[in-house]
Each structure stands twice: as structure tokens, then as C-alpha cells.
Amino acid sequence: MIKMLTKPNCPHCQALKLFLKHAMNDKYAPDIEIYDQGKQADVVQTLLDQNNIQAFPSLIASSGETLSGFQPSAVMNFLEKHIGKK
């Protein structure tokens with residue numbers, strides 16, 4: 001399971017969500033838990049602190065590996081590595 005950290009009014013967060021939904025056809029949707037800072041501030045802050053993350057959006061794999069920011073090729077590689085769907 002991948003955790004995705006987002007925050008309100010974040011253009012890169014919106015771009016990542018749209019990319020996952022449209023370009024990736026939601027194939028990873030069942031494998032990603034989305035945590036929004038606007039709705040789950042305490043949980044998001046804990047995940048940021050635990051993983052030493054300072055940017056949004058961020059993906060956290062169960063292995064502890066993280067990816068911050070939105071670069072489509074990096075996101076695809078990260079998801080394929082940690083979830084395995086192509």
C-alpha cells in the first residue's frame with residue numbers, strides 16, 4: 001500500500017491526482033491511500049515527520065522509500081517498483 005500526502009490548493013497535488021486518474025486510468029487507485037492535510041492534519045504531520053518529508057505531494061511506500069513532487073516518469077517508476085502493475 002502506498003500513502004499519498006496532499007494538501008489543499010496545491011497545484012502539484014492536483015496534477016498528481018489527475019495523472020493517476022486519467023493518464024494511469026485509476027489502475028493504482030486500490031493501492032493508494034490519500035491523506036489530505038486539510039482533512040487529516042495530525043496524521044499528515046506525523047507521516048511528514050516520520051519520513052523526513054518537506055514537500056507535497058509525497059508518496060510513501062511500505063518499505064519506507066519516499067518520492068516527493070510530481071514528475072510523471074518518476075511517479076510511474078515508483079508505483080511499478082512498489083506495487084508492480086504495468
Side-chain angles (χ1 to χ4, degrees):
M1 184 65 69
I2 301 287
K3 293 177 173 74
M4 183 166 88
L5 308 182
T6 66
K7 67 180 182 178
N9 303 316
C10 166
H12 293 289
C13 299
Q14 283 305 107
L16 176 56
K17 289 178 187 175
L18 289 171
F19 175 76
L20 292 171
K21 182 173 186 69
H22 298 294
M24 303 298 288
N25 295 316
D26 262 347
K27 73 177 173 182
Y28 292 108
D31 304 298
I32 297 175
E33 293 176 297
I34 299 174
Y35 295 89
D36 186 278
Q37 190 181 43
K39 298 175 184 159
Q40 300 155 293
D42 292 342
V43 174
V44 169
Q45 191 58 54
T46 298
L47 290 167
L48 291 170
D49 293 343
Q50 287 174 344
N51 295 281
N52 197 28
I53 296 171
Q54 299 179 352
F56 287 93
S58 289
L59 300 172
I60 306 169
S62 56
S63 66
E65 186 177 339
T66 63
L67 175 69
S68 294
F70 173 57
Q71 295 144 348
S73 60
V75 169
M76 285 176 23
N77 291 336
F78 186 87
L79 294 175
E80 287 173 5
K81 176 180 178 182
H82 294 286
I83 297 172
K85 297 177 186 176
K86 295 223 179 224

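Count residues from 1 along the sequence. Values below: all heavy atoms of this structure, side chains included; hydrogens, waters and symmetry mates excluded.
One hydrophobic cluster, built from ILVMFWY side chains closer than 4.5 Å, cannot hold both Leu5 and Val75; they sit in different ones. Both Met4 and Phe78 are part of a single hydrophobic cluster, where members link through side-chain heavy atoms under 4.5 Å apart. Residues Leu47 and Leu67 fall into different hydrophobic clusters, defined by Ile, Leu, Val, Met, Phe, Trp and Tyr side chains chained together at heavy-atom separations under 4.5 Å.
In this structure, OH on Tyr28 lies 9.0 Å from CZ on Phe19, to the nearest 0.5 angstrom. Rounded to the nearest 0.5 angstrom, Gln54 CD and Asp49 CG are separated by 10.0 Å. Rounded to the nearest 0.5 Å, atoms CG (Asp31) and CG (Leu79) are 8.5 Å apart. Remark: Leu16 CG to Leu59 CG distance equals 5.5 Å, nearest 0.5 Å. Rounded to the nearest 0.5 angstrom, Ser63 OG and Ile2 CD1 are separated by 7.5 Å. Of the inter-residue distances, the one linking Glu65 atom CD with Ile60 atom CD1 reads 11.5 Å to the nearest 0.5 angstrom.
Atom CD of Gln71 sits in a sparse spot, with 12 or fewer heavy atoms from other residues, nucleotides or ligands closer than 6.0 Å. Surrounding NE2 of His82 are more than 12 heavy atoms belonging to other residues, nucleotides or ligands, all under 6.0 Å away. In Asp42, the CG atom is not crowded: 12 or fewer heavy atoms of neighbouring residues, nucleotides or ligands sit closer than 6.0 Å. Within a 6.0 Å sphere centred on CG of Asn9, other residues, nucleotides and ligands contribute 12 heavy atoms or fewer.
Judged as a salt bridge (Lys or Arg N to Asp or Glu O under 4.0 Å), and not counting sequence neighbours, Asp36 has no contacts. Partners of Asn51 by side-chain hydrogen bond (donor to acceptor under 3.5 Å, both in side chains), not counting sequence neighbours: none found. Applying the side-chain contact (heavy atoms from CB on, under 4.5 Å) test to Glu33 and every residue at least two apart in sequence or in another chain returns Met1, Lys3, Tyr35.
In this structure, His12 and Phe70 approach most closely via the heavy-atom pair O-CB, 4.0 Å. For Ser68 against Ser58, the heavy-atom pair with the smallest separation is OG-OG, 2.8 Å.
The shortest distance between side-chain heavy atoms of Thr6 and Ile34 falls below 4.5 Å.
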